[in-house]
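Presented below is the structure to which this report refers.
Numbers here simply count residues along the sequence, with the first being 1. Worth saying up front: this structure is predicted, and the values here are computed from it rather than measured.
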Amino acid sequence: MSKANKDQQHPLYNRDRPIVENLLIGEATDHNLAELARLRIRYQGFPGARDIQSDLDKVLQQWGLSEQELFEKTRSLHSLGGIYKSRGKKEEEDWN
């Protein structure tokens, strides 16, 4: 059985793909750094969605960051709070 046959479709793939596209053309803003870190964690070790994993690696390279630097920056941003302020709702965390 080939590796491709074992790959799984991530349940949030269709929601995450456009975010990844925006990161590829975007800049390393606080929000984009938080999104990149969130998606790196979500897809880390996932047996599939290899295009997303590859594109997340490309974004890190484009922004000149290692994964460790990304996580250090985003930990600091999250400690300040407010990265994911939504329209009038209380702050939410996406741990899916």
Can you tell me how far apart [atom1] ([X]) and [atom2] ([Y]) are? Round to the nearest 0.5 Å.
X: R40; Y: L60; atom1: CZ; atom2: CG; answer: 4.5 Å
X: Q61; Y: L56; atom1: CD; atom2: CG; answer: 11.5 Å
X: L24; Y: D55; atom1: CG; atom2: CG; answer: 4.5 Å
X: L12; Y: I19; atom1: CG; atom2: CD1; answer: 9.0 Å
X: T74; Y: N32; atom1: OG1; atom2: CG; answer: 12.5 Å
X: L23; Y: L36; atom1: CG; atom2: CG; answer: 6.0 Å

| field | Exceeds 12 heavy-atom contacts within 6.0 angstrom, atom CD of E27 | value | no

Ignoring hydrogens, what is the shortest heavy-atom contact between [X] and [Y]? Give both atom names and the distance.
X: D16; Y: Y43; answer: OD2-OH, 2.7 Å
X: F71; Y: I41; answer: CZ-CG1, 3.8 Å
X: L33; Y: L70; answer: O-CD1, 3.6 Å

| query | Taking Q53 for the side chain and G48 for the main chain, is one N or O donor matched with an acceptor at less than 3.5 Å? | reply | yes

| Just by modelled atom types, is the R50 backbone N or O under 3.5 Å from a matching donor or acceptor in the S54 side chain? | no

| task | Take Q44 and E67, measure what side chain to side chain contact (heavy atoms under 4.5 Å, CB included) needs, and give me the verdict at the end. | result | CA-CA 11 Å; Q44 194 168 45; E67 186 174 75; 3.6 Å; yes

| note | Those residues at least two apart in sequence (or on a different chain) that pass side chain to side chain donor-acceptor pair (under 3.5 Å) with Q68 are E72

| query | Salt bridge between E69 and K73, side-chain N to carboxylate O under 4.0 Å? | reply | no

| query | Would you say R17 and D51 make side-chain contact, with heavy atoms under 4.5 Å? | reply | yes

